[in-house]
Amino acid sequence: MNGEDIIKWEAFHLEQDSRVLSQTTYSFDISVWEIFWPLMMGASTALICEEAKYDPALLTDFIRHHHVTVAQFVPTALRIIADAGVLDKCPSLEHIFSGGEALSQRLVDDVSEQCKGQIYNLYGPTEATIFACHWQCQSNTNETIVPIGFPIPHAQALVLNEQLEMVEQGCRGELYLSGDILALGYLKREDLTAERFLANPYSTVAKAKMYRTGDLVSLRKDGALLFHGRIDSQIKLRGHRIELSEIEAQLHALPYISHVAVIVDGSDDGKKQYLTAFYVPYQHSDKDIQAIKREMAEILPYYMQPSRYYAVDSLPTLPNGKISKSALSTQC
């Protein structure tokens with residue numbers, strides 16, 4: 001599958017008066033394009049201070065004052081900004097990029113109501129030079145989770161089973177990435193390089209490699225990639241294989257839940273394990289937890305239904321803005 005006929009670099013074309021928000025910590029890969037992409041194109045980088053990037057009001061003041069045209073947020077951060085209702089104060093924003101976590105359709109809808117800029121879902125691990133797939137979001141679609149879309153030019157996406165055979169359309173498999181976008185491997189980690197960077201049997205290029213992402217995806221009829229979660233987040237609970245991301249997706253679809261994370265935690269004696277859901281109510285909704293349980297009982301099989309629900313004001317995050325599930329486990 002090749003996305004060159006679908007995705008054109010002009011979709012991200014920068015002019016000399018374009019201004020890209022630089023807010024990502026330098027130790028994370030996204031900071032590379034926030035800094036060097038505008039500088040390579042003769043545009044500008046707008047450097048924001050630590051205090052302002054975590055406060056929606058200060059962030060929007062900065063975007064408005066410096067006429068920022070391009071900004072990138074992980075969905076967790078974008079949800080906080082959308083819930084603050086401040087994006088309508090940023091008329092200069094032309095492109096909003098989101099990545100690093102699954103992007104819910106309702107978040108796209110909420111952002112679209114406040115901002116006229118185009119929203120993009122970008123996917124890619126660091127080993128594939130930051131971003132490898134792209135999707136131009138549309139508001140009010142029937143999706144629950146936004147597709148990760150099509151490979152960018154010079155990238156190839158393969159959906160393979162455990163035997164490294166291509167899966168049929170609609171079936172789930174692990175995503176492998178190939179092409180000019182790949183890194184050479186891990187520095188001084190030949191063992192890990194050999195484990196994750198494999199020979200690509202589907203390439204005509206000699207010694208071509210493909211990177212094993214660990215992400216579970218499927219192909220839609222139009223060729224777009226759908227993200228279903230991490231393979232390593234698949235758990236076995238009381239004899240059933242469960243993907244936590246599927247439970248989270250169904251909870252995300254409920255109109256009174258803004259953000260959610262599902263974890264597995266154990267009893268005090270360590271003999272039992274439970275599915276526990278932490279959620280942020282949408283716009284201070286006071287929906288009864290028992291009502292949420294009843295709705296989920298109609299959607300999910302019994303073994304995928306969380307035993308416990310906790311309504312919280314916010315979810316803990318890592319320095320890169322993603323949800324910290326390890327921090328959640330200490331709150332049970």
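Count residues from 1 along the sequence. In this text the structure is predicted, and so the values were computed from the model without any measurement.
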So which pairs with a foot in residues 62-72 pass side-chain hydrogen bond (donor to acceptor under 3.5 Å, both in side chains), sequence neighbours left out? Asp61-Arg64
Side chains of [X] and [Y]: do they bring a donor and an acceptor to under 3.5 Å?
X	Y	value
Gln156	Tyr176	no
His228	Ser245	no
Ser258	Arg79	yes
Ser98	Asn121	no
Asp110	Gln114	no
Asp265	Thr276	yes

Under 4.5 Å between side-chain heavy atoms, hopping through other hydrophobics if needed: is there a path connecting Leu175 to Ile145? no
Do His134 and Phe150 have ring centres separated by under 6.0 Å? no
For the rings on Trp135 and Phe227, is their centre-to-centre separation under 6.0 Å? no
Test: salt bridge (Lys or Arg N to Asp or Glu O under 4.0 Å). Region: residues 148-163. Which pairs qualify, not counting sequence neighbours? none
I'd like to know if the side chain of [X] reaches the main chain of [Y], judged simply by a donor and an acceptor atom lying under 3.5 Å from each other, with no hydrogens or angles considered.
X	Y	result
Lys325	Val262	yes
Thr126	Asp29	no
Lys89	Ala57	no

Could you pull out the closest heavy-atom pair between Gln169 and Arg220, with the gap in Å? CG-O, 3.9 Å
Closest heavy-atom contact between Glu174 and Arg212? OE2-CG, 2.7 Å
Sequence neighbours excluded, which residues qualify as side-chain hydrogen bond (donor to acceptor under 3.5 Å, both in side chains) partners of Tyr279? none
Which residues pass the side-chain hydrogen bond (donor to acceptor under 3.5 Å, both in side chains) test with Lys53, sequence neighbours left out? Glu50
Tell me the ring pair (Phe, Tyr, Trp, His ring centres under 6.0 Å) pairs involving residues 205-225, sequence neighbours left out? Phe197-Tyr211
Student check: side-chain heavy atoms of Leu160 and Val167 closer than 4.5 Å: no
Test ring-ring contact (aromatic ring centres under 6.0 Å, His included) applied to [X] - qualifying residues, sequence neighbours left out:
X	value
Tyr302	His240
Tyr202	none
Tyr256	none
His252	His259

Please list, chain by chain and in numerical order, all residues satisfying salt bridge (Lys or Arg N to Asp or Glu O under 4.0 Å) with Glu298, sequence neighbours excluded. none
For Arg19, all residues meeting salt bridge (Lys or Arg N to Asp or Glu O under 4.0 Å), sequence neighbours excluded: none
Does Leu39 have any side-chain contact (heavy atoms from CB on, under 4.5 Å) partners at least two apart in sequence or in another chain, and if so, which? Ile35, Thr45
